[in-house]
Each structure stands twice: as structure tokens, then as C-alpha cells.
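Before any comments, here is the structure.
No hydrogens, no waters, no symmetry mates; every other heavy atom, side chains included, goes into these values. Note on naming: letters A, B, ... go to the chains in the order of the sequence lines (proteins, then strands), and numbering restarts at 1 for each one. Everything numeric here is computed off the predicted structure, so don't read it as measured data.
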Amino acid sequence: MELYDTYRREIHKFIPISKESVSLYACGPTVYDYAHLGNLRSYLFVDVLRRVLELNGFQLNHVMNITDVGHLTSDADSGEDKMEKGARKQGKSAWDIAKFFEKAFFDDLDYLGIKRPTTICRATEHIPEQIEYVEILQQRGYTYQTSDGVYFDTAKLPSYGKLAKLDIEGLQAGARVDIGEKKRVTDFALWKFSPDGQRQMQWSSPWGEGFPGWHIECSAMSEKYLGNKFDIHVGGEDHIPVHHSNEIAQCEGRHDHQPANFWMHGYFLQLGKEKLSKSGKSLLLSELINQGYDPLAFRYLVLTSHYRSHLQFSIKALDSAATALKRLTKMLSQWPDGGELSVEFVRQFMQCINSDLKTPQALAVLWAVTKSALSDADKKATILYFDQVLALSLERQPVVETVPQAVLDLAEQRQQARAAKHWQQSDELREQILKLGFAVKDSPQGCILAKI
RNA sequence: GGCGCGAUGACAGAGUGGUUAUGUAGCGGACUGCAACUCCGUCCACGCCGGUUCGAUUCCGACUCGCGCCUCCA
């Protein structure tokens with residue numbers, strides 16, 4: 001299979017380091033708030049990647065971090081701590097906040113059919129590893145200290161910023177934030193001293209009481225669980241210029257090479273003209289579920305676009321995805337089991353997904369199967385094979401609704417009216433049933449009631 | 001201000017130097033008491049101006065517009 005590597009800006013054949021398993025590190029959430037739909041798109045991308053690798057026969061060693069340390073509100077290493085701010089707002093401890101939003105995050109992943117990583121690691125549970133990492137960088141001469149922390153000296157690394165094609169001079173000139181005591185705009189904190197007053201989260205270190213910088217946790221934990229060279233590192237596109245550039249710098253500072261063979265990035269979901277963000281506009285999966293949407297309709301919508309292009313979210317687009325998904329599950333539920341895979345369609349499907357995860361084309365293959373000359377049983381078997389990657393739960397039976405007695409009574413009355421050809425009365429009864437939230441569909445076997 | 005990316009039909013979104021996905025919506029028809037569902041058929045596109053070419057939506061250049069990052073962010 002072939003995957004796009006941001007570092008080389010090219011598609012390359014994927015060859016794992018070990019035949020035993022694929023090592024995959026995914027940047028996880030900072031758990032100080034709910035994940036919005038944009039965040040979730042990124043985890044859907046990782047899930048598709050993982051399922052495609054698995055369908056190709058690879059075992060996965062999938063590690064994801066949970067950033068439960070506060071850090072600061074800006075990459076300029078200044079401003080207020082997000083976690084502590086959230087804690088103060090809600091009157092809870094920073095630790096409680098982290099635990100609460102971590103659970104909410106995994107609930108969302110479950111709704112979307114996203115597989116859990118094989119290893120989940122929390123930043124607060126790996127403080128010694130992070131301190132050790134900084135110590136080694138210090139010994140190797142890549143750090144300097146200011147009044148508020150220990151910083152990585154990016155000037156010591158000629159290759160700094162290659163991933164993002166950063167123009168250091170340009171950044172320096174165009175910087176919109178005060179760089180404080182930092183020597184260079186791209187320098188970043190490895191360890192921060194506790195500011196005035198006590199923080200809820202702080203630890204002792206060779207440099208004093210404080211807390212780790214944002215980027216060091218990923219370097220320390222990926223190395224602990226996957227070694228200093230692993231197969232794939234994934235994250236959102238926003239991580240390219242800062243977070244991942246800094247992770248590479250840290251690894252090069254310690255090992256003289258960058259940590260991953262492939263860097264893959266999921267692109268943003270956009271809401272109209274506005275970008276989703278945690279501080280500004282946000283849209284939650286739980287809101288859609290409360291409005292009656294199947295969460296997997298969102299998954300379908302995400303699959304209709306390629307992970308490396310922006311996706312314009314709208315309720316209209318979600319509706320069209322929901323309709324398409326409903327039609328598919330309905331079709332599948334009416335087809336018999338026991339069919340055989342279509343070798344040709346499976347080949348086409350694999351060709352799509354193995355070519356840098358082309359899920360839009362893969363869905364087109366799926367629809368081609370539904371319209372093909374195959375038997376219904378073979379169509380079903382083939383499509384369910386695809387569903388190992390799509391994970392749209394296409395095999396589920398349509399939900400059996402509990403219909404209130406009042407609705408059943410009205411439906412019975414309507415049947416009688418229809419039998420008597422009292423069409424006007426029949427239509428009025430249908431209106432009444434509709435107001436109670438049920439649609440009426442007549443069939444030769446009687447009428448079918450479906451919740452709207 | 002600096003760096004990068006993109007402009008495809010009503011919407012979302014693929015792809016391609018000539019045969020122009022896919023889904024939803026629309027339209028026409030079948031079915032239905034009327035609908036819904038389903039089925040059959042069908043319309044609509046490649047921002048603008050030049051260039052290369054037998055031929056460009058696809059390649060190159062300018063322009064216009066939009067977006068992302070350089071604050072938080074997936």
C-alpha cells in the first residue's frame with residue numbers, strides 16, 4: 001500500500017520496520033474541554049488508517065497520548081494554563097477536569113465506531129521520562145534556561161522546520177507575539193517553572209518546581225512505547241508547523257534522526273466560512289445525537305472526502321450522508337446471508353483504500369456493487385467485507401421502534417377508513433399520526449409506522 | 001506583515017490531456033386512493049484571462065476570490 005508522507009511531501013510505498021507489527025503514534029486530545037466535530041474528524045482518519053492496515057494483514061501497535069497536563073494557552077509559552085483555567089471555571093480540580101473530558105472523548109469515539117488504541121498513555125503518568133529526555137537534551141547542548149523555563153535552542157539544529165518548510169527568517173520578521181526571553185521565535189519550552197502561586201499540577205525537577213512543555217510528552221512517550229524510530233506518526237494539520245516540528249527537533253537533538261518513517265496529517269473540517277476551534281465556534285457530536293442524528297452519518301460524511309482535503313460541514317451535507325447511510329442499511333437488511341465475495345469488486349476497493357486511503361472512491365465502488373449484476377447475497381457479503389474499513393455498522397438491523405398505543409389505535413382507525421375508501425378521513429388520521437412523530441408507509445402487507 | 005494551500009454542477013465531494021466518479025437534492029415516468037418506500041430514466045460543472053497542444057476542467061503564467069498557519073486548535 002501507498003501513503004502520503006508530509007515530511008517528504010510525496011506518496012511512498014509503505015514498508016513497515018518490523019514484519020510483526022506496525023508502530024503507529026497518534027497525537028491525542030488535550031482533555032480540558034469536549035472534542036468538537038473537527039477534532040473527531042481527525043480521529044476518524046486515524047481509525048481508517050488503522051483499519052486499512054489491519055485489512056492488509058498488519059498487526060497494530062497503536063499508541064495515543066492523553067494530554068492531561070495544563071500547559072499554557074499559547075505556543076509562545078505565555079498566557080494562562082488551559083487546564084487550570086477550566087478547573088477554576090467549573091470549580092473542580094485540574095485532575096477531575098482531565099478525567100471527566102477523557103471519558104467524554106472516549107464516549108464520542110465509541111459512537112463513531114473508532115477502535116481504541118492498543119496503548120493509551122497520559123502525560124502526567126510519564127513525568128520522569130520527560131525529565132530524563134530534557135536532561136539528555138541539556139547534556140547534548142540543545143537547551144538554555146531563562147527566568148521562566150528551560151528552552152530548546154532551535155538555532156543549534158540546522159534542519160529545524162524541514163517538515164513544515166518553515167521559513168525561520170520570515171517567521172522571525174512576521175511574528176505577532178512577543179517572544180519574551182527566547183532567543184529565537186521558534187525556540188520552545190521543555191520545562192516551565194511554576195508561575196506565581198501554586199499550580200494544581202506541578203512536579204520537582206533538576207531545574208525546580210514546574211511542569212513539562214507541551215511537545216516533550218509525545219517524544220518521551222512515543223520513544224518509551226515504540227522506540228526512537230517507528231513507522232507512522234499522525235496528527236492534525238495544525239501540528240505540522242509547531243508541535244511536530246518540535247517533536248522532530250527533540251528527537252534529532254537526542255538521537256540525530258527524526259522519529260517516524262511516515263508523517264500523516266488529517267485536514268480540518270470547516271464549518272461554513274468559520275473554522276472550528278475550542279476557543280471559538282464549536283460543534284459537538286452529542287448535540288447532533290440529541291437532534292436525532294445517527295453518529296455514523298457523520299462518519300459516512302467524513303468518508304466521502306479525502307483526509308487530506310478540507311471538508312465543508314453543514315447540516316445539509318450531514319442530511320445527505322444520513323439518507324445515503326439509511327438506504328444502505330435498509331438494502332443490506334433485506335438481502336440474504338451466505339453470499340460470496342466478489343473478487344473483482346474487492347480488488348477495486350482495496351486498490352482505492354491502499355492508495356493513500358481514497359475513501360471517496362471506495363464508497364463509489366460500494367455503490368457500484370449495489371447496482372451490479374451480483375446476487376443480493378454476494379452483494380451483501382462483499383459490502384460487509386468493505387465495512388471492516390468503513391465501519392458503518394451496515395449489518396445492523398433497522399431499529400425496532402416501540403410505537404405508542406395511541407399511534408397504533410390511530411393507525412388501526414386509518415386502516416378501517418382506507419378499507420371503506422374514506423380517503424379524506426384516512427389523510428386526516430395520517431396527519432395526526434405524523435404529529436405524534438411517526439410516518440406512515442402503506443404496503444401490501446399493511447401499514448408500516450416509522451419514527452421520524 | 002511572513003509562509004503555505006485551494007477554486008468542480010443546487011449541496012457535499014472524487015477524478016482526468018480527448019471517453020467528464022459517487023451520494024443527496026431536482027425533474028420525468030412506473031407503483032400508490034393520494035403519499036411514503038422502491039424501481040426506471042434524466043438535467044446541471046470544471047473562477048477569470050492568456051500560453052503550450054490536433055485537443056485543457058486537467059499542464060504553465062498572470063489575475064480575482066477564498067482558506068489555513070504564524071494566538072487556542074485536530
Side-chain angles (χ1 to χ4, degrees), chain A residues 9 26-30 32-33 35-46 71-76 78-80 82 85 161 164-178 185-186 234-243 265-270 273-282 300-328 330-331 334 352 358-368 370-371 417-418 421-424 426-427 430 434 439-444 447-448 450:
Chain A
R9 306 273 164 156
C27 279
T30 303
Y32 69 97
D33 201 349
H36 56 62
L37 291 181
N39 300 122
L40 294 173
R41 182 191 185 195
S42 289
Y43 298 103
L44 282 167
F45 146 60
V46 180
H71 299 307
L72 301 175
T73 48
S74 103
D75 283 326
S78 59
E80 195 173 10
K82 289 179 284 202
K85 188 179 174 185
K165 294 183 173 172
L166 292 181
D167 171 8
I168 311 289
E169 296 300 317
L171 278 175
Q172 195 88 35
R176 291 190 310 196
V177 289
D178 180 12
V185 68
T186 47
V234 299
E237 61 167 320
D238 57 319
H239 284 158
I240 297 168
V242 178
H243 184 52
H265 297 92
Y267 280 62
F268 281 161
L269 178 78
Q270 290 179 270
K273 301 269 173 180
E274 285 189 68
K275 182 169 75 99
L276 289 165
S277 69
K278 290 199 172 175
S279 53
K281 204 158 204 162
S282 157
Y300 185 98
L301 176 62
V302 167
L303 292 173
T304 64
S305 71
H306 190 240
Y307 75 92
R308 272 192 293 119
S309 58
H310 291 159
L311 170 59
Q312 297 294 332
F313 180 85
S314 66
I315 288 298
K316 193 172 177 183
L318 182 66
D319 282 336
S320 82
T323 303
L325 181 57
K326 260 184 223 160
R327 286 189 57 212
L328 278 178
K330 189 174 175 187
M331 255 185 251
Q334 291 167 345
C352 295
K358 291 194 187 335
T359 53
Q361 289 91 328
L363 281 176
V365 172
L366 183 157
W367 285 100
T370 69
K371 293 172 197 159
R418 292 185 73 228
K421 297 193 191 295
H422 294 156
W423 306 128
Q424 196 182 338
S426 164
D427 288 348
R430 180 162 60 196
L434 195 64
V440 183
K441 300 170 185 182
D442 295 321
S443 79
C447 84
I448 296 163

Original post:
Any Lys/Arg nitrogen of A:K316 or A:D319 sitting under 4.0 Å from an Asp/Glu carboxylate oxygen of the other?
Top reply: no
In whole Å, what is the span from the [atom1] atom of [X] to the [atom2] atom of [N]?
X	N	atom1	atom2	value
A:K330	B:C39	NZ	P	9 Å
A:L311	B:A7	CG	P	15 Å
A:I240	B:C70	CD1	P	12 Å
A:R308	B:G6	CZ	P	10 Å
A:H306	B:C5	NE2	C1'	16 Å
A:D238	B:G68	CG	C1'	10 Å
A:H239	B:C69	NE2	C1'	12 Å
A:H310	B:U8	NE2	P	14 Å

Original post:
With nearest nucleotides of RNA chain B determined for A:S443 and A:C27 from heavy-atom distances, which residue corresponds to the more 5′ nucleotide?
Top reply: A:S443
Original post:
When the nearest nucleotide of RNA chain B is assigned to A:K316 and to A:T323 on a heavy-atom basis, which residue is associated with the more 5' position?
Top reply: A:K316
Counting any heavy atom closer than 4.0 Å, what does [X] reach on the DNA or RNA strands: base, sugar-phosphate only, or nothing?
X	value
A:A324	sugar-phosphate
A:V365	nothing
A:Y43	sugar-phosphate

Give each protein N/O atom lying under 3.5 Å from an N/O atom of nucleotides 19-22 of chain B, with the pair distance.
none

As an exercise, state the distance from [atom1] of [X] to [atom2] of [Y], rounded to the nearest 0.5 Å.
X	Y	atom1	atom2	answer
A:L325	A:L301	CG	CG	11.0 Å
A:K358	A:Y307	NZ	OH	8.5 Å
A:R308	A:E237	CZ	CD	12.0 Å
A:R430	A:C447	CZ	SG	10.5 Å
A:L269	A:L40	CG	CG	9.5 Å

Can you check the distance between [N] and [M], where both ends of the measurement are the [atom1] atom (answer in whole Å)?
N	M	atom1	result
B:U42	B:C34	P	26 Å
B:C43	B:A25	C1'	13 Å
B:A7	B:C46	C1'	10 Å
B:C27	B:G15	P	31 Å
B:A56	B:G1	P	37 Å
B:G28	B:G33	C1'	22 Å
B:C11	B:G26	P	15 Å
B:G13	B:G6	C1'	14 Å

Subject >> A:S426 side chain to A:H422 backbone, donor-acceptor under 3.5 Å >> reply: no
Original post:
Between A:D427 (side chain) and A:Q424 (backbone), is there a donor-acceptor pair under 3.5 Å?
Top reply: no
Original post:
For A:S42 and A:G236, which heavy atoms make the closest approach, and how far apart are they?
Top reply: OG-CA, 4.3 Å
Subject >> Heavy-atom pair with the smallest gap, counting every atom of A:T359 and A:L303 >> reply: OG1-O, 2.8 Å
Subject >> Pairing pattern in dot-bracket form [Watson-Crick, G-U; both distances under 3.5 Å; | = partner strand] for RNA chain B >> reply: (((((((..(((.....[...))).(((((.......)))))....(.(((..]....))).))))))))....
Closest approach to the side chain of [X], judged atom by atom: which nucleotide of [options] is it?
X	options	result
A:A317	B:A12, B:A74, B:G68	B:A12
A:K441	B:A14, B:C11, B:C37	B:C37
A:K358	B:G13, B:G15, B:A74	B:G15

**OP:** Under the ring-ring contact (aromatic ring centres under 6.0 Å, His included) rule, collect the residues that match up with A:H265, sequence neighbours excluded.
**Re:** A:H244
**OP:** With sequence neighbours excluded, tell me which residues meet ring-ring contact (aromatic ring centres under 6.0 Å, His included) with A:H310.
**Re:** A:Y267
Original post:
Can you list the residues that meet the side chain to side chain donor-acceptor pair (under 3.5 Å) rule with A:W367, with sequence neighbours excluded?
Top reply: A:Y300
**OP:** At under 4.0 Å between heavy atoms, which parts of nucleotides 28-33 of chain B does protein reach? Answer with one letter per nucleotide, 5' to 3': B base, S sugar-phosphate only, - none.
**Re:** -----B
